[in-house]
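Have a look at the structure below, then the notes.
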Amino acid sequence: DNPYTPLRIDSIAVASLRDSVFENNGGATQGGHIYVDLNAVFDVDNTTFLNGDANFGGAIYASGDLSIASSHFEYNTGSAVYGEDCEIIDSTFIGNIGEFGGAVYNADLVSGGYFAENSASVGGGALYDAVTVEDSQFYDNTATDNGGAVEYAFYARDNVFDNNQADRGGHLSSVGECTRNHFMHGSATFGGAGSGACNPSTDNLFEFNTADYGGALHYNFSAPESFGDVFVYNTATQNGGAISAGSPFLAEGNVHRSYFCENHAGGKGGAIYNHTIASSFGFPPLNEYFFFTNNIFAANSPSAIYHNSLNTTLGYGKGAEARQNTFVANGDGLTQPTSGLMPVNSNIFADHTGTALTDLWGASPGDVYIINNVFWNNGTDADPYPPGPNNLIADPMFEDWTDDGDCWNDDFRLAPGSPAIGAGVGGADAGALGGGGALSDRDGDGHLDAPPMDNCPDDPNPFQADADCDGI
């Protein structure tokens, strides 16, 4: 109950704090409970900070080196921890409030943290500006503008994000590499899970996130880079049920070995919406392809992919390539309304009520390479150009596919005797998975091992890429 900061760690001091409780202190500009001066070194362990108040650092303000472990921060105002060289391990933050980073402003490492019901009046409901965020949980955090849970970080690994909210990036905003995270129930105007975040995105699970644009991810100045991700049951009221991208720059995009199921958009692109209208600014548009390879698109609406890219300097679009993907029951499959090269080969298109390949306009009809694909039971296979050589119209014979709204009970590998085996370019199997042996559930989590559906060994995120348990 001090109206000032009760503990100050002076410059060049080396100190530690253990097993203590700080409550109802504050009123200072910096550090409601503790102030750590420049060049000091301060370690905190197993300590509780309640109801601290300051303009910066309601619990702790640190200009020096700060390490926090196994501590609890609750209902502090002005960001619970306001640091510069700061590491936070195995600590809990609940109901803290700040302008940038309701719980933490600036940390080198956050690991093993629990963040719930923190809020920021601008950005980073729980955390603002970090190098690495790992093995942590973020629940019910909010920010008015950007990053309901986190704004600005280089790496996010092995975290769980649930029910965080912001205008841009329900969970994350301006976060770099995302690996093995679980994003669910995020909501935003742009990017229910992330806005300008997760690039690249690897082995993440995105489910039940909602936004106006980009139900899971929204990119405004780059193209998505997704590898081995799972996107299920995400929704956008406008465009991009799972991913929405639009950039003034012609950047290369890659979506590889990812799974999109039951994502829905009120506008265009049930799974992916990419809309780029840009100038090459005097540079030739080299290596500006968008690559879709070895993905599964199942039961997305109104289509799987809407790819619209135009270089206004040259008068035609950035091309894309769709190779060895499985498209099933997406309303329409793949749409590219602007001109540009669009090789479409070794894919499976089945059970679309609309058109599997629609508006694939090229600079000329010969620029659209629709070869070595398997078509089955679509309203229309391709429009306006008919498929080219070596395409098949035949049942691909999946091991187990039922359009029942359940994304976890299907096996899109090719059954023995499937006409899609060897039907791709160069004798490769058409589709994302090809043929294979018997499925198993080696980690016992209830999901079968067919990639990108499961992992080995057992892990809270059941969607890692190491499906064959070889450690790679």
Side-chain angles (χ1 to χ4, degrees), residues 1-120 124-138 141 149-150 153 159:
D1 296 306
N2 297 287
Y4 52 82
T5 304
L7 178 60
R8 296 179 64 91
I9 310 301
D10 291 334
S11 179
I12 76 172
V14 177
S16 62
L17 176 70
R18 301 283 186 273
D19 307 321
S20 302
V21 176
F22 290 74
E23 185 171 5
N24 295 329
N25 300 296
T29 300
Q30 298 173 325
H33 296 306
I34 298 174
Y35 176 89
V36 181
D37 207 348
L38 184 67
N39 297 323
V41 177
F42 188 50
D43 295 337
V44 178
D45 184 43
N46 193 37
T47 295
T48 297
F49 300 87
L50 305 174
N51 299 308
D53 178 43
N55 292 340
F56 306 99
I60 301 174
Y61 178 93
S63 295
D65 292 340
L66 174 64
S67 296
I68 299 171
S70 305
S71 295
H72 181 82
F73 298 80
E74 191 164 359
Y75 302 126
N76 300 283
T77 301
S79 302
V81 175
Y82 198 101
E84 293 187 12
D85 295 314
C86 178
E87 291 189 356
I88 302 173
I89 311 295
D90 298 333
S91 296
T92 300
F93 295 81
I94 298 175
N96 302 284
I97 298 172
E99 183 179 12
F100 295 92
V104 177
Y105 179 96
N106 198 342
D108 294 331
L109 173 66
V110 175
S111 181
Y114 179 90
F115 297 82
E117 300 179 7
N118 303 285
S119 63
L127 173 60
Y128 182 91
D129 194 8
V131 177
T132 300
V133 183
E134 63 183 20
D135 298 308
S136 297
Q137 301 174 63
F138 297 83
N141 302 284
V150 180
N159 303 289

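Numbering starts at 1 and runs along the sequence shown.
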Pairs under 3.5 angstrom only: tabulate donor-acceptor contacts from the side chains of residues 14-22 to other protein residues two or more places apart or in another chain.
unit_1	atom_1	unit_2	atom_2	d
Asp19	OD1	Asn46	ND2	2.6
Ser20	OG	Arg18	O	2.9

Inset, instruction - Determine whether Phe93 and Ile88 make a side-chain contact, defined as any pair of heavy atoms from C-beta on separated by less than 4.5 Å. - result: yes
Inset, instruction - Provide the closest heavy-atom pair for Asn141 versus Ala149 in the form atom of the first, atom of the second, distance. - result: CB-CA, 4.3 Å
Inset, instruction - Quick one: list whatever passes side chain to side chain donor-acceptor pair (under 3.5 Å) with Ser111, sequence neighbours left out. - result: Glu134
Inset, instruction - Kindly write out the residues that satisfy side chain to side chain donor-acceptor pair (under 3.5 Å) with Glu117, not counting sequence neighbours, or none if the list is empty. - result: none
List the atom pairs, donor and acceptor, that lie under 3.5 Å between side-chain atoms in residues 95-109 and the rest of the protein, sequence neighbours left out.
unit_1	atom_1	unit_2	atom_2	d
Asn96	OD1	Tyr75	N	3.3
Asn96	OD1	Asn76	N	2.9
Asn96	OD1	Asn76	ND2	3.0
Asn96	ND2	Phe73	O	3.2
Asn96	ND2	Ile94	O	3.4
Asn96	ND2	Asn118	OD1	3.0
Asn106	ND2	Gly83	O	3.4

Inset, instruction - Indicate the atoms forming the closest heavy-atom contact of Glu23 with His33, along with that distance. - result: N-CE1, 3.8 Å
Legend entry - Ile9 side, atom CD1; Phe42 side, atom CZ - distance, nearest 0.5 Å: 4.5 Å
Inset, instruction - Compare every heavy atom of Gly113 with every heavy atom of Ser136, then report the nearest pair and how far apart it is. - result: OG-N, 2.9 Å
Legend entry - Short side-chain to backbone donor-acceptor contact, Ser11 and Leu38, under 3.5 Å: yes
Can you give the donor-acceptor pairs under 3.5 Å from side chains of residues 48-70 to other protein atoms, not counting sequence neighbours?
unit_1	atom_1	unit_2	atom_2	d
Asn51	ND2	Asn24	OD1	3.4
Tyr61	OH	Gln30	NE2	3.4

